[in-house]
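Report on the structure given below.
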There are 2 protein chains.
Amino acid sequence: MEADYSITDRLATRLKETRKSKGLSLEAMAKLSGVSRSMLSQIERGQSSPTVATLWSLTQALQVDFAGLLDDDSGAGTIREIMRANRTPTIDSQGEGCRIRILSPPGQAGQLEVYDIRFTSGASLISEPHRQGCHEDLTVLEGALEVTSGDESAQLAEGDTLRYAADCTHAIRAVGAPARALLIVHNS
Amino acid sequence: MEADYSITDRLATRLKETRKSKGLSLEAMAKLSGVSRSMLSQIERGQSSPTVATLWSLTQALQVDFAGLLDDDSGAGTIREIMRANRTPTIDSQGEGCRIRILSPPGQAGQLEVYDIRFTSGASLISEPHRQGCHEDLTVLEGALEVTSGDESAQLAEGDTLRYAADCTHAIRAVGAPARALLIVHNS
DNA sequence: GTTATCCCTCCAATATAATGGATTTTTATG
DNA sequence: CATAAAAATCCATTATATTGGAGGGATAAC
């Protein structure tokens, strides 16, 4: 049922590599993770496709995240993409004085989105709630901003960073002068 | 064998959310992913811990990566953290004329790290290979930079963005004038 | 060569993930 | 309220993940 270069095989290689790199034996790792030696052996030989529960145990024991064990790394090439300034997707104004440049690649939309936003003096950007669990990280590059998330708000000066929930209505406002900020949206 | 708020439960919630957000029924998703309705139902109810093989099918069908389905995002409050400019962790110079401000929260280290880097004229930042599968997104905020990853290199002007592998030796250099850049490191 | 230790693989037994079809629950329509 | 359609869950069967212990090299000490 599985194809040529299955996820199981990838995981097998990855796991073995990671374990070896930490100088662990199967037995040592078994104790550490609570997964039996036999199972570990099978997984490393590509003969078993572990459940998320056991996979979770492994990531905990090895101190890596899922991506580290599972994600595709076939892009072994080095430079992957260059996006020139004049080609960078731009949203020019959501009503008022905001210019938003989208720095993250389209393929990542929904996971992680990165924006470079410029506000004219007094401009504001109001957003509807995004998906449940979504949050944003905002860093002020120039000027000063006021951020409101739900019923809380905060004043930010140049260089400040704020993390806040974005699964509720939220707004960003340039208080007095023009401003520029870096916005990172997780799980939108 | 699993604790109260297990990975299985997290996945259950995540999966259901994601599926609903795409307006798919269990049947529709079953066809799309090749996983049976029954199984999907069990997973969404937290009664089953899917194997990586089936999990892989799900991520393919839903167009998300593993982190999207599995990683922890708990925390429902609104404003979570404010990091003032003068409190922002800073690495002052890795030998030569680089000032690095760490914008991402420590809890995310390894997953996603965000840096604001300032280079004096001619300065450079050379990095050893990070973890397998690691890559970086670099956006030039001011000035111009030259990036080398493995045996390739690229010239970047203000506003340009570059994505490149960071699981090999890589370097960033300010060519003529002082420069400033935003660096996002995935899976370091 | 023998003994001992460590590390991994093989094997039989058990637990559980995965499936297809039947059943119930929900949603929509008259 | 009655009915139909769709969607989600339950159930029995099959496939497979997981385990503990037995077996088979390696390597080192004597």
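In the text below, chain A, chain B and the rest are named by the order of the sequence lines, each starting its count at 1.
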For residues 48-58 of chain A, the salt bridge (charged side-chain N to carboxylate O under 4.0 Å, His left out) pairs (sequence neighbours left out) are none
Quick note, B:Met39 side chain, CB onward, closest among C:dA17, D:dA8, C:dC10 is C:dA17
Contacts of B:Arg87 meeting side chain to side chain donor-acceptor pair (under 3.5 Å) (sequence neighbours excluded), chain-then-number -> none
Rounding to 0.5 Å, atoms OG1 (A:Thr139) and CG (A:Leu156) come to a distance of 9.0 Å
Residue pairs passing the salt bridge (charged side-chain N to carboxylate O under 4.0 Å, His left out) test with at least one member in residues 20-29 of chain B, sequence neighbours excluded, are B:Glu27-B:Arg37
So, with a heavy-atom separation below 4.0 Å from DNA chain C, the residues of residues 21-34 of chain A are A:Ser25, A:Leu26
Testing C:dT19, D:dT18, C:dC8 for proximity to the side chain of A:Lys20, the answer is C:dC8
Under 3.5 Å, which donor-acceptor pairs link side chains of residues 40-48 of chain B to any protein atom two or more places apart or in another chain?
| from | atom 1 | to | atom 2 | distance (Å) |
| --- | --- | --- | --- | --- |
| B:Glu44 | OE1 | B:Arg19 | NH2 | 2.9 |
| B:Glu44 | OE2 | B:Arg19 | NE | 2.6 |
| B:Glu44 | OE2 | B:Arg19 | NH2 | 3.4 |

Here the gap from B:Leu141 atom CG to A:Leu182 atom CG, rounded to the nearest 0.5 Å, amounts to 7.5 Å
Terminal axes of the helix from C:dG1-D:dC30 to C:dG30-D:dC1 (5 end pairs apiece), angle rounded to 10 degrees, sit apart by 30°
Those residues at least two apart in sequence (or on a different chain) that pass salt bridge (charged side-chain N to carboxylate O under 4.0 Å, His left out) with A:Arg101 are A:Asp116
By side chain to side chain donor-acceptor pair (under 3.5 Å), A:Gln155 pairs with (sequence neighbours left out) A:Glu146
Which atom pairs link the protein and nucleotides 20-24 of chain C when you take only N or O atoms and keep those under 3.5 Å?
| from | atom 1 | to | atom 2 | distance (Å) |
| --- | --- | --- | --- | --- |
| C:dG20 | N7 | B:Ser38 | OG | 3.1 |
| C:dG20 | O6 | B:Ser38 | OG | 2.9 |
| C:dG21 | O6 | B:Ser38 | OG | 3.2 |

Residues passing the side chain to side chain donor-acceptor pair (under 3.5 Å) test with B:Ser49, sequence neighbours excluded, are none
In whole angstroms, the gap separating P of C:dT19 from CG of B:Leu40 amounts to 8 Å
The complete set of salt bridge (charged side-chain N to carboxylate O under 4.0 Å, His left out) pairs with one or both residues in residues 46-61 of chain B, sequence neighbours excluded, reads none
- Give a yes-or-no answer on whether the side chains of A:His186 and A:Glu136 include a donor-acceptor pair shorter than 3.5 Å. no
The contact string for nucleotides 23-29 of chain D, one letter per nucleotide 5' to 3', using protein heavy atoms under 4.0 Å with B, S and - for base, sugar-phosphate only and none, comes out as -------
Value for CE (B:Met39) from OG (B:Ser33), rounded to nearest 0.5 Å, stands at 11.0 Å
One should read off an interatomic distance between B:His135 NE2 and B:Cys168 SG, to the nearest 0.5 angstrom, of 12.5 Å
